Amino acid sequence: MYWPAEFSPQSSVQLTWPHARTDWGDRYFDVEPVFRTLARLIIQQADLIVAASDPERVESQLEASGADMNRARIFECPSDDVWARDHAPISVLDQDRPVLLDFRFDGWGGKFDASLDNVISRRLRDAGAFGDRDLHCIDWTLEGGGIETDGAGTLLTTTACLLDTRRNPRVDRRALEGLLHEWLGVTRVLWLDHGHLDGDDTDSHIDTLARFASPELITYQACDDPLDSHHDALRAMRKQLEQFRTPGGHAYELVPLPLPAPQVGDDGRRLPAGYANFLIVNDLVLAPVYQTRADDIALRRLDDAFPRHRIEPVDCRALITQNGSLHCVTMNYPDFGAPT
């Protein structure tokens with residue numbers, strides 16, 4: 001079993017398009033420009049799969065964005081919300097055959113209704129979105145945003161998310177590591193016990209905190225302001241990252257990402273804005289920005305972490321109002337090449 005890293009070749013990326021019954025309600029059109037931008041940029045590097053409650057509207061939106069429609073496939077599919085990273089399947093190679101693992105999605109431990117989102121992958125499979133790839137349904141809760149891999153057998157995650165008993169009661173760390181080895185082929189798990197972003201519904205998803213840029217390099221969300229509410233937890237997370245070692249026994253190269261100026265919702269609560277929620281699509285890194293002074297620093301540091309990639313900023317201020325950012329609304333499908 002082999003689970004490739006996001007920096008490996010990608011064949012396609014999924015979006016689940018917003019509509020009036022998502023968290024944005026009748027103001028879903030405020031966030032559609034972000035999805036149009038994402039679609040246009042993704043299509044420059046990979047094919048696009050869209051799960052849509054209104055395919056005709058999505059087609060018109062993509063055409064208006066200037067996207068190459070020859071690389072887009074739109075499938076009618078009802079949804080509760082847009083967070084494809086967590087309700088879409090995870091791709092592995094099982095004995096040289098690509099397989100999609102459809103884990104249960106329960107709205108992050110039952111916080112939100114996810115009954116429609118939980119069957120999106122099966123609807124897409126039935127509509128032919130995944131070609132001849134097998135879809136295996138697994139009755140166990142696991143979200144794509146909660147796990148990160150170096151593509152060489154190491155999985156990076158947080159204890160707050162994966163050991164949350166609301167998701168999977170009566171599963172301890174040792175048993176969970178065994179299941180991750182069975183399903184994803186990982187040989188070791190690096191557990192972060194610290195780190196969070198205020199306003200996060202996901203219980204510290206790893207894709208908001210720390211990400212592999214290569215098997216030897218980890219980018220992570222930092223906070224230099226001792227008066228900021230994130231400071232102590234993110235400092236403790238950094239110290240733990242400094243203690244981690246590669247399979248070869250070396251310390252990881254660590255690239256800190258600044259914390260943007262606080263993004264605040266209409267109700268006055270702080271939103272979980274950060275820069276670790278980027279998306280890698282072949283030669284491109286799509287980076288969330290929030291029109292703060294930290295944006296330029298974050299882009300420069302991502303350029304340091306990905307010297308052979310183009311770094312493309314995407315304004316995610318509208319997206320973050322519903323507590324997620326760029327990586328959260330996408331799911332990548334690796335390019336496994338022709339069957340052997």
Side-chain angles (χ1 to χ4, degrees), residues 5-6 23 34 38 81-88 90 105 107-109 111-112 142-149 155-164 167 190-213 218-224 228-238 240-241 254-265 269-280 285-290 292 294-295 298-299 301-302 305 313-314 316-332:
E6 193 170 305
D23 282 348
V34 183
L38 286 173
D81 222 315
V82 300
W83 312 110
R85 181 61 51 176
D86 296 338
H87 62 240
I90 296 168
F105 178 58
W108 309 291
K111 296 183 182 73
F112 305 96
L142 184 67
E143 301 132 16
I147 52 176
E148 176 80 5
T149 184
L155 184 145
L156 180 63
T157 190
T158 67
T159 55
C161 177
L162 256 64
L163 297 182
D164 176 18
R167 287 166 164 86
L190 301 178
W191 295 91
L192 283 173
D193 302 310
H194 308 280
H196 75 279
L197 294 181
D198 290 350
D200 174 29
D201 291 322
T202 69
D203 306 295
S204 297
H205 265 187
I206 193 65
D207 72 349
T208 68
L209 297 171
R211 307 281 308 285
F212 283 109
I218 298 174
T219 66
Y220 70 96
Q221 185 60 65
C223 178
D224 296 330
D228 192 286
S229 61
H230 299 97
H231 180 265
D232 291 350
L234 291 178
R235 181 178 61 178
M237 183 185 78
R238 182 199 71 211
Q240 197 168 9
L241 287 168
L254 300 177
V255 175
L257 300 172
L259 195 66
Q263 303 294 292
V264 180
R269 63 187 174 85
R270 188 164 180 176
L271 303 170
Y275 296 108
N277 208 243
F278 55 81
L279 174 72
I280 312 168
V285 174
L286 302 181
V289 293
Y290 307 96
T292 78
D295 289 349
L299 294 173
R301 291 183 180 172
L302 286 172
V314 177
C316 288
R317 287 176 295 172
L319 194 54
I320 201 65
T321 61
Q322 293 302 327
N323 305 327
S325 199
L326 192 157
H327 194 252
C328 302
V329 297
T330 61
M331 175 51 86
N332 54 289

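Please read these numbers as outputs of a predicted model, since none were measured by experiment. Numbers for residues simply follow the sequence, beginning at 1. Values below: every heavy atom of this structure, side chains too, minus hydrogens, waters and symmetry copies.
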State which residues pass side chain to side chain donor-acceptor pair (under 3.5 Å) with Arg235; sequence neighbours excluded, sorted by chain then number. none

For Cys223 and Leu234 the tightest heavy-atom approach is CB-CD1, 3.7 Å

Going by the rule ring-ring contact (aromatic ring centres under 6.0 Å, His included), which residues pair with Tyr220 if we only count those two or more places apart in sequence or in a different chain? none

Measure across Cys316 and Leu326 and return the closest heavy-atom pair with its distance rounded to 0.1 Å. SG-CB, 3.9 Å

Can you check whether Trp191's main-chain N or O pairs, donor with acceptor, with Gln240's side chain at less than 3.5 Å? yes

Hey, does the side chain of Glu148 reach the backbone of Leu155 with a donor-acceptor pair shorter than 3.5 angstrom? no

I need the minimum non-hydrogen distance between Gln263 and Ala273, along with the two atoms involved. CG-CB, 3.6 Å

Minimum heavy-atom separation for Leu299 to Ala287, with atom names? CD2-CB, 3.8 Å

How far does OG of Ser325 sit from CD1 of Ile320, to the nearest 0.5 angstrom? 4.5 Å

Any sub-3.5 Å donor-acceptor pair from Glu143's side-chain atoms to His87's backbone N or O? no

So, using side chain to side chain donor-acceptor pair (under 3.5 Å) as the criterion, who are the partners of Gln322 when residues are at least two apart? none

Least distance between heavy atoms, Leu162 atom then Gly146 atom: CD1-O, 3.6 Å

How close do Pro313 and Val289 get, counting heavy atoms only, and between which atoms? CB-CG1, 3.8 Å

To the nearest 0.5 Å, what is the distance between CG (Asp232) and CE (Met237)? 13.0 Å

Do any N or O atoms from the side chain of Asp86 and from the backbone of Gly145 form a donor-acceptor pair under 3.5 angstrom? yes

Does the Asp295 side chain pair with the main chain of Tyr290, one donor and one acceptor, at a distance under 3.5 Å? yes

Which residue is it: Asp201, Asp203, Asp81? I am looking for the one with a salt bridge (charged side-chain N to carboxylate O under 4.0 Å, His left out) to Lys111. Asp203

Determine yes or no for a side-chain-to-main-chain donor-acceptor pair under 3.5 angstrom, with Ser204 supplying the side chain and Thr158 the backbone. no

I'd like to check the side chain to side chain contact (heavy atoms under 4.5 Å, CB included) partners of Thr219; sequence neighbours left out, ordered by chain and number. Arg211, Ala213, Leu217, Val255, Leu257, Phe278, Ala305

In Å and rounded to the nearest 0.5 Å, what is the CZ to CG distance from Phe112 to Asn323? 7.0 Å

Considering residues at least two apart in sequence or located in another chain, which fulfil the side chain to side chain donor-acceptor pair (under 3.5 Å) criterion with His194? none

Of the options Leu279, Thr202, Val329, which is the one that meets Arg85 in a side chain to side chain contact (heavy atoms under 4.5 Å, CB included)? Leu279

How long is the span from the OG1 atom in Thr157 to the CD1 atom in Ile147, to the nearest 0.5 Å? 7.5 Å

Ser229: side chain to side chain contact (heavy atoms under 4.5 Å, CB included) partners, not counting sequence neighbours: Asp198, Arg270

Quick one: pull up NE2 in His327 and OG1 in Thr208 and give me the separation to the nearest 0.5 Å. 11.0 Å

Would you say the side chain of Leu271 lies within less than 4.5 Å of the side chain of Val264, judging by non-hydrogen atoms? no

